[in-house]
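Note that ligands are numbered from 1 as they come in the structure, with each ligand's atoms numbered from 1 the same way. The figures here come from the full heavy-atom set of this structure, side chains too, leaving out hydrogens, waters and symmetry mates. Nothing here was measured: the structure is a model prediction, and the numbers come from that model. All residue numbers in this chain count up from 1 along the given sequence.
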Amino acid sequence: MLTIEIFTLFPNLFEAPLRESILGRAVAHGLLTVGVHNIRDAATDRHQVTDDAPYGGGGGMVMKPEPIFAEVETVLGSPPALPVILLTPQGTPFTQEKAWALAETPGFALLCGRYEGVDERVREHLASEELSIGDYVLSGGELAALVVVEAVARLLPGALGNEEGARDDSHSSGLLEYPHYTRPPEFRGWGVPDVLLSGNHAQLRQWRREQSLRRTFLRRPDLLAKAELSDEEKRLIARWKSQEPGAEK
Ligand code: JF8
């Protein structure tokens, strides 16, 4: 069973996401265990202060090192028995590859900052790694931690109720997903591609692969460099490159 230990000033933010859907079911079925620990529990002063003004001045507040070290070491021991991952905009980009790697470990801890972030000594002497979920600004590490937890949990064997599911996704193939349709075959005059109704499985597979390639070419050409492509697929993409920009999505 995978162990995830989360350290935060806002433990309530984790309640509903850990209860619901695939993640909630994975926890309920014992595929992983998630502990949520309030850093404020380790603050020893009367008002349980966890932040302070930055040395050198400037705006905002910084999370003090003592309550963070104390809470992490109370739960994980000293040195910590699990890798401690700090969520920060300065971290290594979190990817599907990283999600797979974490899913295959015994467990890890996620440390969530708030305010202007954590005292640098936490990063230097407690965190084993820093991750970022993307190039936009959040108000704290909690939602980033939830993204990591969900991306990892759904990869655990038995988490999807569909054993092929996770490996088949967009970003597992390295390409974007093909378009999906369900009934009815006509909705407000909008039809469904004929190939999906034809029952021709070879044509269907070819259509989906080409749709994945075309979408990736148009929307995320950066992904094509890493994707595994046949010689025929490479020629198809070379032809698209030499053509006028398509008007389609
Ligand atoms: C934060 C603490 C983040 N991709 C990301 N954007 N913003 C954050 C983040 C993480 C922690 C703190 N502000 C204060 C922002 C990540 N990971």
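Checked by distance only, ligand 1 and Gly113 stay at 3.5 Å or farther apart across all their nitrogen or oxygen atoms. The shortest N or O to N or O distance between Glu116 and ligand 1 is not below 3.5 Å. Ligand 1 has an N or O atom lying under 3.5 Å from an N or O atom of Tyr136, backbone or side chain.
Residues Glu232 and Arg235 are not paired through a salt bridge, judged by the lack of any N-O separation under 4.0 Å between the basic side chain and the carboxylate. Ionic pairing of Lys98 and Glu129 is present here: one or more N-O contacts between side-chain nitrogen and carboxylate oxygen are shorter than 4.0 angstrom.
Looking only at heavy atoms of the protein, atom 4 (N) of ligand 1 is closest to Gly134 O, 2.8 Å. Here the heavy atom of the protein found nearest to atom 8 (C) of ligand 1 is Pro89 CG, 3.6 Å.
Those atoms of ligand 1 with a heavy atom of Leu131 less than 4.0 angstrom away are 17 (N). Ligand-side atoms of ligand 1 in range of Ala144: 16 (C), 17 (N), range being under 4.0 angstrom from any heavy atom. Atoms of ligand 1 found under 4.0 Å from any heavy atom of Thr88 (numbered from 1 in listed order, with element): 10 (C), 16 (C), 17 (N). The Gly141 neighbourhood of ligand 1 comprises atoms 10 (C), 11 (C), 12 (C), with distances under 4.0 Å to a heavy atom of that residue. Applying the 4.0 Å criterion to heavy atoms of Ser139 picks out, from ligand 1, the atoms 13 (N), 14 (C). For ligand 1, the atoms lying closer than 4.0 Å to a non-hydrogen atom of Ser132 are 4 (N), 17 (N).
Summarising the local packing, CG of Asp194 is surrounded by 12 or fewer heavy atoms from other residues, nucleotides or ligands at distances under 6.0 Å.
Within the structure, ligand 1 has Tyr115 among the residues with a heavy atom less than 4.0 angstrom away. The closest approach between a heavy atom of Gly91 and any atom of ligand 1 is not below 4.0 Å.
Within the 4.5 Å cutoff, no side-chain heavy atoms of Arg123 are placed close to those of Gln90. Considering only heavy atoms from C-beta on, Phe7 stays 4.5 Å or farther from Ile68 through its side chain. With a 4.5 Å cut-off on side-chain heavy atoms, Arg215 and Pro179 count as touching.
Within the model, atoms CG of Asn12 and CD of Glu142 stand 11.0 Å from one another, a figure rounded to the nearest 0.5 Å.
Put simply, Ile39 and Leu143 are part of the same group of oily side chains (I, L, V, M, F, W, Y) that touch within less than 4.5 Å, one to the next. Cluster membership for Trp190 and Leu196, using ILVMFWY side-chain heavy atoms within less than 4.5 angstrom, is not shared.
The option with the heavy atom closest to atom 7 (N) of ligand 1, from among Asp135, Leu138, Val118, Val147, is Leu138.
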